[in-house]
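Step one of this worksheet: look at the structure below.
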Amino acid sequence: MSVNEVHVLRPFKLIALLCVFLALCLDVVALLSPAWITADHFSQSLWESCTQSEPRHPEEEAVWTCFSTLTSDWQFATLALLLAGAVGTLVAFLVALISHCRGTHRKHYRTVAVFLFTAVVLQACALVLYPIKFIDGTVLQTYHEFNWGYGLGWGATIFMLGGGILFCLRTDIYEDAMY
């Protein structure tokens with residue numbers, strides 16, 4: 001680089017890579033979360049649903065009884081869509097990381113963005129399906145709320161979308177003599 005040349009560093013792709021990493025982390029925690037829906041004496045995750053029985057005697061402790069939620073089609077479909085979105089995010093992260101480390105950034109930006117946008121669609125479908133089918137099929141006699149596991153799923157989806165948008169930005173057109 002000569003004295004008259006200026007190198008401008010635009011960290012959009014590094015921020016995008018960080019967004020994809022955060023999305024992947026949030027996705028894993030959301031998938032493993034025990035609390036997607038909670039209510040009094042009730043908790044449901046993607047894997048199991050638990051109810052707490054009232055103790056018969058005051059000196060006894062309440063017992064939680066859990067069973068698998070993978071018996072209904074909509075819960076299995078939600079889990080499959082979320083897992084497919086997580087795998088797409090993992091592939092996008094690995095491709096972006098390897099291409100960044102090898103210095104072949106521009107070759108793989110579109111591929112990474114396509115994986116991320118596909119994962120966003122899969123995750124959004126799962127996160128919309130889940131509360132609709134839960135409310136439609138379950139009659140809880142008490143107040144229930146969608147808890148932090150469900151919220152982390154939406155957080156992961158938002159970070160995936162942000163990473164995909166940042167990978168679509170064309171920063172190479174600004175790297176000319178004017179800068």
Side-chain angles (χ1 to χ4, degrees), residues 14-97 112-167:
L14 288 175
I15 294 171
L17 190 61
L18 179 65
C19 284
V20 175
F21 178 73
L22 288 173
L24 189 60
C25 292
L26 289 174
D27 226 5
V28 168
V29 174
L31 284 168
L32 298 176
S33 165
W36 272 56
I37 299 172
T38 55
D40 289 337
H41 310 293
F42 178 79
S43 178
Q44 182 170 326
S45 71
L46 291 172
W47 307 96
E48 64 184 4
S49 180
C50 299
T51 55
Q52 184 182 28
S53 62
E54 293 292 327
R56 289 181 230 162
H57 302 288
E59 57 273 351
E60 290 181 1
E61 288 189 29
V63 178
W64 284 91
T65 306
C66 300
F67 59 91
S68 176
T69 59
L70 298 179
T71 55
S72 64
D73 293 340
W74 68 269
Q75 289 171 324
F76 187 76
T78 301
L79 184 60
L81 288 169
L82 287 170
L83 286 173
V87 168
T89 306
L90 177 63
V91 170
F93 176 71
L94 291 175
V95 169
L97 184 66
V112 170
V114 166
F115 272 109
L116 288 173
F117 289 138
T118 303
V120 166
V121 169
L122 291 171
Q123 297 255 137
C125 288
L127 293 169
V128 169
L129 172 73
Y130 191 81
I132 290 172
K133 294 304 285 182
F134 175 79
I135 292 170
D136 184 44
T138 304
V139 180
L140 287 178
Q141 302 298 329
T142 183
Y143 172 77
H144 65 277
E145 60 184 26
F146 293 93
N147 214 325
W148 59 271
Y150 180 73
L152 288 178
W154 277 112
T157 305
I158 291 168
F159 275 109
M160 284 177 216
L161 181 62
I165 290 170
L166 287 174
F167 273 115

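Basis for what follows: all heavy atoms, side chains included, without hydrogens, waters or symmetry-related copies. Predicted, not measured: the structure shown is a model, and the values here were computed from it.
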Quiz prompt | Nearest atoms (heavy-atom pairs only) where Met160 meets Leu116 | solution = O-CB, 4.0 Å
Quiz item: When rounded to the nearest 0.5 angstrom, what is the spacing between CG in Leu32 and CG in Asp27?
Solution: 10.0 Å
Self-check item: Considering all heavy atoms, the nearest Gln44-Ser49 contact
Solution: OE1-OG, 3.9 Å
Quiz item: Is there a donor-acceptor contact under 3.5 Å from the side chain of Thr89 to the main chain of Gly85?
Solution: yes
Quiz item: Which distance, rounded to the nearest 0.5 Å, do you find between the CG of Leu14 and the CG of Leu166?
Solution: 11.0 Å
Self-check item: Exam field: side chain Trp47 to backbone Leu31, donor-acceptor pair closer than 3.5 Å
Solution: yes
Quiz item: Would Val20 and Leu24 count as a side chain to side chain contact (heavy atoms under 4.5 Å, CB included) if you check the C-alpha gap in whole Å, the side-chain angles of each, and the deciding distance to 0.1 Å?
Solution: CA-CA 6 Å; Val20 175; Leu24 189 60; 5.6 Å; no
Quiz prompt | Working for side chain to side chain contact (heavy atoms under 4.5 Å, CB included), residues Phe117 and Leu161 | solution = CA-CA 7 Å; Phe117 289 138; Leu161 181 62; 3.8 Å; yes
Self-check item: Phe134 and Phe146, any side-chain heavy atoms less than 4.5 Å apart
Solution: yes
Quiz prompt | Heavy-atom pair of closest approach, residues Ala113 and Phe167 | solution = CB-CB, 4.3 Å
Quiz item: Step by step, would you call Glu145 with Thr38 a side chain to side chain contact (heavy atoms under 4.5 Å, CB included)?
Solution: CA-CA 6 Å; Glu145 60 184 26; Thr38 55; 3.6 Å; yes
Practice problem: Hey, could you give me the OH/CD1 distance between Tyr130 and Ile135, rounded to the nearest 0.5 Å? | Solution: 11.0 Å
Quiz item: Nearest 0.5 Å, what's the CG-CD distance between Leu83 and Gln123?
Solution: 9.0 Å
Quiz item: Atom OG in Ser45, atom CG in Asn147: separation rounded to 0.5 Å?
Solution: 11.5 Å
Exercise. Locate the shortest heavy-atom distance separating Ala92 from Phe115; write the atom from each residue and the value.
Key: CB-CB, 3.7 Å
Quiz item: Minimum heavy-atom separation for Ser43 to Ala35, with atom names?
Solution: OG-CA, 4.4 Å
Practice problem: For Phe159, look at atom CZ and say whether over 12 heavy atoms of other residues, nucleotides or ligands are found less than 6.0 Å away. | Solution: no
Quiz item: How close do Ala77 and Leu129 get, heavy atom to heavy atom, and via which atoms?
Solution: CB-CD2, 4.2 Å
Quiz item: Side chain of Tyr150, backbone of Leu127: donor and acceptor closer than 3.5 Å?
Solution: yes
Quiz item: CZ of Phe76 to CG of Leu46: how many Å apart, nearest 0.5 Å?
Solution: 12.5 Å
